[in-house]
Amino acid sequence: MITLKSGEEIIRMRDAGRIAAIAREIGGECVREGVTTAQIDREIKKCILSHGAKPSFLGYGGFPASACISVNEEIIHGIPSSRRILKNGDIVKIDVGAYYKGYHGDCAATFAVGEISEEAQRLIDVTKQSFFEGIAAIGEGKRIGDIGHAVQSYVEANGFSVVREYIGHGIGKNLHEDPEVPNYGTAGHGQRLRPGMTIAIEPMVNVGDWRVRVLNDKWTVVTADGKLSSHYENTVAITENGVLILTDPA
């Protein structure tokens, strides 16, 4: 069941989203050669706690860390580790959630370690822009399928592929709520978009094939072909006046 949020609830979600966005920025600032993913996770946790919030992901379904940190061919749900040392040329996906005063904010981005390949940079850029293509498709009379269609069309026009098994989602008092928000689909199909809906739109984009597999840790999702993947996400609210990005650090 989709829970429509009041204006007051959206303001509260904006507070949670801002904390998540600040933590995402802090994590990105830590990305450099020689740093471990566990070190980044510690800084993210410290940031979230310092704002009076709690990490949404810590303990969620048994997840052992405050942020999901995924490197190169890892798509999502990478477990931070003191043994995973970043090196020049890596791309690092940082996915952060913050729970504040009863509401969640959820966001992600992909960061470069030093000098990365032209292909890797284009992948990051296309993934981020595909999110904005998705929110541009939101409007009166539009449906969930319009978001996914816009994301998929942009990604595939640029020669990349969209992950199918993992998708965006509703968000609010719970980290994952209805509706499901695929990054692919058919325009004009699916749940009608309405003011008061709060959703996390999160394109996951691969250089090669869209298929994935899960590692033996039961969490880390990687590309089936071992090629690079990128991730970008924001929590947004659909209002009478348009789309509001809630995970904005400003």
Side-chain angles (χ1 to χ4, degrees), residues 13-116 120 124 127-128 166 169 171 174-176 200 202 204 214-222 228-235 245-250:
M13 288 189 65
R14 176 70 181 89
D15 292 336
R18 179 175 175 272
I19 295 168
I22 292 170
R24 175 179 59 181
E25 284 197 340
I26 291 293
E29 290 170 3
C30 293
V31 171
R32 60 184 181 276
E33 190 171 13
V35 170
T36 70
T37 54
Q39 287 175 300
I40 298 172
D41 183 68
R42 284 196 293 271
E43 292 303 313
I44 288 171
K45 181 179 182 181
K46 186 189 304 182
C47 174
I48 292 171
L49 294 177
S50 74
H51 285 85
K54 296 180 180 179
S56 297
F57 300 166
L58 185 60
Y60 185 80
F63 190 75
S66 297
C68 299
I69 305 179
S70 311
V71 183
N72 295 335
E73 76 282 0
E74 297 170 355
I75 303 168
I76 50 171
H77 302 163
I79 300 173
S81 170
S82 59
R83 297 187 299 274
R84 189 60 182 268
I85 303 171
L86 300 181
K87 62 183 186 301
N88 186 62
D90 286 341
I91 62 171
V92 184
K93 284 127 283 183
I94 297 179
D95 192 352
V96 179
Y99 182 68
Y100 183 69
K101 295 185 177 180
Y103 293 88
H104 292 274
D106 187 8
C107 58
T110 304
F111 301 91
V113 183
E115 301 263 343
I116 63 173
I124 292 172
T127 304
K128 182 175 182 177
Y166 298 89
H169 52 91
I171 183 170
N174 298 302
L175 182 59
H176 293 95
E202 51 177 318
M204 290 154 268
V214 181
L215 298 185
N216 291 335
D217 63 16
K218 307 298 184 185
W219 281 104
T220 309
V221 180
V222 302
L228 293 177
S229 184
S230 180
H231 183 202
Y232 188 79
E233 174 186 21
N234 280 305
T235 299
I245 296 178
L246 301 178
T247 41
D248 183 336

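None of the values given here were measured: they were computed from a predicted structure.
Between Ile75 and Lys93, the closest heavy-atom pair is O-CD, 3.6 Å. Summarising the geometry of Cys107 relative to Arg24, their closest heavy-atom pair is CB-NH1, 3.4 Å, with the distance given to 0.1 Å. The two residues Leu175 and His104 come nearest to each other via the heavy atoms N-CD2, 3.4 Å. Nearest heavy atoms, Gly61 versus Trp219: O-CZ2, 3.3 Å. Heavy-atom minimum distance, Asp41 versus Ala67: OD1-N, 2.8 Å. Closest heavy-atom contact between Ala98 and Ala53: CB-CB, 4.5 Å.
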Going through the checks in order, is the side-chain contact (heavy atoms from CB on, under 4.5 Å) test met by Val113 and Val71? CA-CA 10 Å; Val113 183; Val71 183; over 6 Å; no
Could you go through the side-chain contact (heavy atoms from CB on, under 4.5 Å) check for Ile171 and Leu246 one step at a time? CA-CA 11 Å; Ile171 183 170; Leu246 301 178; over 6 Å; no
For a side-chain contact (heavy atoms from CB on, under 4.5 Å) check, start with the C-alpha distance between Asn174 and His176, then their side-chain angles and the critical distance, and finish with the verdict. CA-CA 5 Å; Asn174 298 302; His176 293 95; over 6 Å; no
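Rounding to the nearest 0.5 Å places CE of Met204 at 11.0 Å from OG1 of Thr110. Annotation: the span from Asn72 atom CG to Ser229 atom OG amounts to 10.5 Å, rounded to 0.5 Å. Taken to the nearest 0.5 Å, the CD atom of Glu73 stands 9.5 Å off from the CD1 atom of Ile91. Here the CG-CD distance, from Asn88 to Glu33, works out to 5.0 Å after rounding to the nearest 0.5 Å. Here CE of Met13 is found 8.5 Å from OH of Tyr103. Values are rounded to the nearest 0.5 Å. The OG1 atom of Thr37 sits 9.5 Å away from the CZ atom of Arg83 when rounded to the nearest 0.5 Å.
In this structure, Val96 and Ser66 have side chains that are not in contact, with every pair of non-hydrogen atoms separated by 4.5 Å or more. You'll find the side chain of His51 reaches within 4.5 Å of the side chain of Ile22, heavy atoms only. Considering only heavy atoms from C-beta on, Thr36 stays 4.5 Å or farther from Arg84 through its side chain. With contacts defined as side-chain heavy-atom distances shorter than 4.5 Å, the pair Ile44/Pro55 does not qualify. With contacts defined as side-chain heavy-atom distances shorter than 4.5 Å, the pair Arg14/Asp248 qualifies. For the pair Arg32 and Phe111, the minimum side-chain heavy-atom distance is 4.5 Å or more. The closest side-chain heavy-atom distance from Pro80 to Ile40 is not below 4.5 Å.
Using the six-membered ring where Trp is involved, Tyr166 and His77 have ring planes that are perpendicular, over 60° apart on the 30 and 60° scheme. Relative orientation of the Phe63 and Phe57 rings is perpendicular, given thresholds of 30° and 60° on the angle between their planes.
Of the possible donor and acceptor atoms, none in the side chain of Thr247 sits under 3.5 Å from a partner among the backbone N and O of Asn234.
Side-chain contact, Thr235 with Asp106: no donor N or O sits under 3.5 Å from an acceptor N or O.
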